[in-house]
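For the single chain, residues carry numbers from 1 onward in sequence order. A quick note: this is a predicted structure, and the numbers were derived from the prediction, not measured.
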Amino acid sequence: MTAKNMKQLNNMLMKQLNKAMFVASEKMLADMYDETGKFYTKGNPKYYVRTGALGDTPRTTAVTTSVTEAGGQASFEAYLDKSVGYSTGKSPSMEAVLNLANYGISPLPPNHLRATLGKKGFWERAEKKMERTFNRTMKRFFK
């Protein structure tokens, strides 16, 4: 299809951008699931049973688009859901669990290292992986 004016061109580009962002969102969600899942590959707890709650935290929002006379934009968010319930121990907040699992540090005073079993640094790895995924996806849609 060929655009006959700037409005048509803008609409075509926004349609393509929306598709690209949706694909990127789905792939980035998979990246987060992959990295949070890898947390469980290290260590074998003897004093507690893993619930897998960390693996339930990856989320993306819906792709939103806006178009103006000057152009348009599309966006979504990729994040770990801190409202997921955690049911073991003293029922800590998911934010505390995420910090402890990712960094080995408790956000509760006094901040200190705790022995946690799991592959640390999953969020940084997920962010790097998501950045590569996003760039590859945009290149694929906009050669």
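For the atom pair CZ (Phe142) and CG (Leu17), the distance works out to 5.0 Å, reported to the nearest 0.5 Å. Distance CG/Asp56 to OG1/Thr51: 7.5 Å, rounded to 0.5 Å. The OG1 atom of Thr57 sits 8.0 Å away from the CH2 atom of Trp123 when rounded to the nearest 0.5 Å. Note that the CE atom of Met28 and the CG atom of Asp31 stand 7.5 Å from one another [nearest 0.5 Å]. Put simply, OG on Ser25 and CE on Met130 are 10.5 Å apart, with the number rounded to the nearest 0.5 Å.
Tyr79 and Phe22 end up in different hydrophobic clusters when Ile, Leu, Val, Met, Phe, Trp and Tyr side chains are linked at under 4.5 Å.
Here the side chains of Thr65 and Gln73 are not in contact, with every heavy-atom distance at 4.5 Å or above. Looking at Arg50 and Leu117, their side chains come closer than 4.5 Å, going by heavy atoms from C-beta outward. Side-chain contact between Phe134 and Met21 is present, with at least one heavy-atom pair separated by less than 4.5 Å. Side chains of Thr60 and Glu77 form no contact here, defined as non-hydrogen atoms less than 4.5 Å apart. For the pair Val63 and Asn18, the minimum side-chain heavy-atom distance is below 4.5 Å.
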- request: Evaluate the side-chain contact (heavy atoms from CB on, under 4.5 Å) criterion for residues Lys82 and Leu98: first the C-alpha distance (whole Å), next the side-chain angles of each, then the deciding distance (0.1 Å), finally the verdict.
  value: CA-CA 8 Å; Lys82 295 177 183 174; Leu98 288 172; 3.8 Å; yes
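The number of heavy atoms from other shown groups lying within 6.0 Å of CD (Gln16) is above 12. Enclosure of atom CD in Glu131 is not indicated, since only 12 or fewer non-hydrogen atoms of other residues, nucleotides or ligands lie within 6.0 angstrom.
Scanning for side-chain contact (heavy atoms from CB on, under 4.5 Å) contacts around Lys7 gives Asn5, Asn11, with sequence neighbours left out.
In this structure, Asn102 contributes its side chain and Lys120 its backbone to no donor-acceptor pair below 3.5 Å. Under a 3.5 Å cut-off, the side chain of Thr137 and the backbone N or O of Thr133 do form a donor-acceptor pair.
Smallest separation of non-hydrogen atoms from Phe122 and Ala101: CE2-C, 3.7 Å.
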Review item, side-chain donor-acceptor pairs of residues 32-43, under 3.5 Å, at least two apart:
| residue | atom | partner | partner atom | Å |
| --- | --- | --- | --- | --- |
| Asp34 | OD2 | Lys38 | NZ | 3.4 |
| Asp34 | OD2 | Lys129 | NZ | 2.4 |
| Glu35 | OE1 | Arg125 | NE | 2.9 |
| Glu35 | OE2 | Lys129 | NZ | 2.9 |
| Thr36 | OG1 | Met32 | O | 3.0 |
| Thr36 | OG1 | Tyr33 | O | 3.3 |
| Tyr40 | OH | Leu54 | N | 3.1 |
| Thr41 | OG1 | Lys38 | O | 2.6 |

